There are 2 protein chains.
Amino acid sequence: MGTESAPLQTRNSLVEAAIHLFGHRGFGQTSTRELAARAGTNIASIAYHFGGKAGLHAASAREVAARIGAVLGSPENISPTNPTEAAAQLEAMLRRFVAFLVAAPEAPDIAAFMLRELTDPGEVADLIYAEFLEPRHRMLCQLWGVATGRSPESEEVKLAVFAMLGQVLYFRIGQPYVLRRIGWAGIGPDEAGRIADLLSANLHAMIERHRT
Amino acid sequence: MGTESAPLQTRNSLVEAAIHLFGHRGFGQTSTRELAARAGTNIASIAYHFGGKAGLHAASAREVAARIGAVLGSPENISPTNPTEAAAQLEAMLRRFVAFLVAAPEAPDIAAFMLRELTDPGEVADLIYAEFLEPRHRMLCQLWGVATGRSPESEEVKLAVFAMLGQVLYFRIGQPYVLRRIGWAGIGPDEAGRIADLLSANLHAMIERHRT
DNA sequence: TGATTTCAATCAAACGATTGATTAACCTGT
DNA sequence: ACAGGTTAATCAATCGTTTGATTGAAATCA
């Protein structure tokens, strides 16, 4: 039935193992033997399918970018007409982003991998910026500009959008510390909802403040 | 004159090299030979002074925590009397934090190291949380509580403080991307001031919004 | 004081273990 | 039989650590 062909199975297992291990332990601290063991295959498979450890890393980065892109939606379909609607669209995207980044079951691996790429000056960082971060940030600036009545490409708007994204990201980066400080056992849809509520309130407060 | 004794000199050189290399390349990707070379000493010095690579890592973490603590001030000396003053103290701490984290000349190494610790589930993470993050977060919650008239240890206040910190942190984590997107060549006192202005505005907007 | 001992500190060299990569033999389905 | 995958075995290189020798400045003798 739906079982994949054997070679594809091995490939996907390796990519999945790589996203997890590279994301949580880092590229340098992850050995090819660990990768093969977690994928349930042989070390040599890495060289056979990806040319080597670096090739597997690049393939994993591509896979991660694709999955996040699927969650956030394509950057084109926005139609901001008036400030109120633009603010509503911003809130909707914010909530979608929070739900994925903070509570989605597959998010820990994906987010950890992405953060590792953002932090490390890797070769894939350029690709992530050009193909993913920049267009999406530009779209958010567009919405922010309409919502506040300011120029979408002004320095002020760009900084404000970065600040908003920073709020969300920290609840992923510092999640262990957040849990510990608040006393939560974990972050489910429930806790994620309350985080989203808070950040949405902040969003509207910031928009009002920046409105001329 | 003010020259340090030889053994202390070696110790400090190793810690300095470790903060830089561990922060920028990661623990696993940094070899003891690199560390010794950058410190201008012998490999064996690491084992002699710190018991090993892990010991040097722990010592560096302690040093980093101490330096950041010196910048943020001790968590005790706060005296929030009325909401307005509490908000003013929050803004002052925010600006001090931004100035250090974003533009201070020694900040890149320190910040990179700290971020690495936050991301990696290392052994020193517990120490960082208990001795540094928790007390300071508690102090900020105290101020936030007075400023907004809410209970300082409520879930809502804790989350709000985390969100505020997240804003600042991103301008360090994503600094390369911020520079690229806005078109800055770097972040000097000038650019840091404009970031601080924006985040201060956000701070007051959030406080007003959360005030009962 | 002058000779001797002691000890922390640093060094070059080498250790065993592990790394990523490679090889050649071996399946497995057609 | 044969091509596409997989395997165990092995490679040189590098890893963190350890070793034994050497240094120079205190400490302890005479």
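First the proteins, then the strands, lettered A, B, ... as listed; each starts at 1. What you see is a predicted model, and the numbers here were worked out from it, not measured in a lab.
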**Q** Starting the side chain at C-beta, find the nucleotide from D:dG4, D:dC15, D:dT7 nearest to A:Tyr48.
**A**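 Of the candidates, D:dG4 comes closest.
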**Q** Calculate the interatomic distance between A:Asn42 atom CG and D:dG4 atom C1'; express it in whole Å.
**A** 15 Å
**Q** In this structure, how many angstroms lie between the P atom of C:dT19 and the NE2 atom of A:His57, rounded?
**A** 18 Å
**Q** Check the distance between D:dT14's C1' and B:Glu34's CD and give it to me in whole angstrom.
**A** 12 Å
**Q** Just how far, in rounded Å, is C1' of C:dT18 from CD of B:Gln29?
**A** 16 Å
**Q** Given atom CZ of B:Arg11 and atom C1' of C:dA8, what is their separation to the nearest angstrom?
**A** 14 Å
**Q** For B:Phe50 and C:dA9, give me the distance from atom CZ to atom P, rounded to whole Å.
**A**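 One finds 11 Å between P of C:dA9 and CZ of B:Phe50, rounded.
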**Q** With a cut-off of less than 4.0 Å, is there a side-chain N or O of B:His49 near OP1 or OP2 of C:dT10?
**A** yes
**Q** Salt-bridge test for B:Arg180 and A:Glu134: reply yes if a basic N is under 4.0 Å from a carboxylate O, no otherwise.
**A** no
**Q** Using a 3.5 Å distance criterion without hydrogens, assess whether the side chain of B:Lys158 forms a donor-acceptor pair with backbone atoms of B:His137.
**A**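 Such a contact is absent between B:Lys158 side chain and B:His137 backbone.
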**Q** Is it true that B:Glu153 and B:Arg138 have a side-chain N and a carboxylate O under 4.0 angstrom from each other?
**A**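 Salt bridge flag = yes for B:Arg138 with B:Glu153.
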**Q** Given C:dT23, C:dA12, C:dT10, which nucleotide is nearest the side-chain atoms of B:Ala44?
**A**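 In terms of side-chain proximity for B:Ala44, the closest of C:dT23, C:dA12, C:dT10 is C:dA12.
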**Q** With a 4.0 Å cutoff (strictly under), does any side-chain N or O of A:Ser45 reach OP1 or OP2 of D:dG5?
**A** no
**Q** State which of C:dT22, D:dT10, C:dT10 makes the closest approach to the side chain of A:Ala47.
**A**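 That would be C:dT22.
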**Q** Please check the phosphate of C:dT10 (OP1 and OP2 only) for any side-chain N or O of B:Thr10 closer than 4.0 Å.
**A**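 Answer yes for this pair, as a side-chain N or O of B:Thr10 is under 4.0 Å from OP1 or OP2.
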**Q** Quick check for you: among C:dA21, D:dT17, D:dA8, whose closest atom lies nearest to any side-chain atom of B:Thr32?
**A** D:dT17
**Q** Between C:dA14 atom P and B:Arg33 atom CZ, what is the distance in whole Å?
**A**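 Whole-Å distance recorded here is 13 Å.
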**Q** Counting heavy atoms from C-beta on, name the nucleotide in D:dT17, C:dG20, D:dT7 closest to the side chain of B:Ile43.
**A**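 When the side chain of B:Ile43 is considered, D:dT17 is the closest of D:dT17, C:dG20, D:dT7.
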**Q** Under a 4.0 Å N-O cut-off, is there an ion pair linking B:Glu155 with A:Arg181?
**A** no
**Q** When you check the gap from the basic side-chain N to the acidic O, do B:Glu34 and B:Arg25 get nearer than 4.0 Å?
**A** yes
**Q** I need the CG-C1' distance between A:Leu35 and C:dT18, as an integer number of Å.
**A** 15 Å
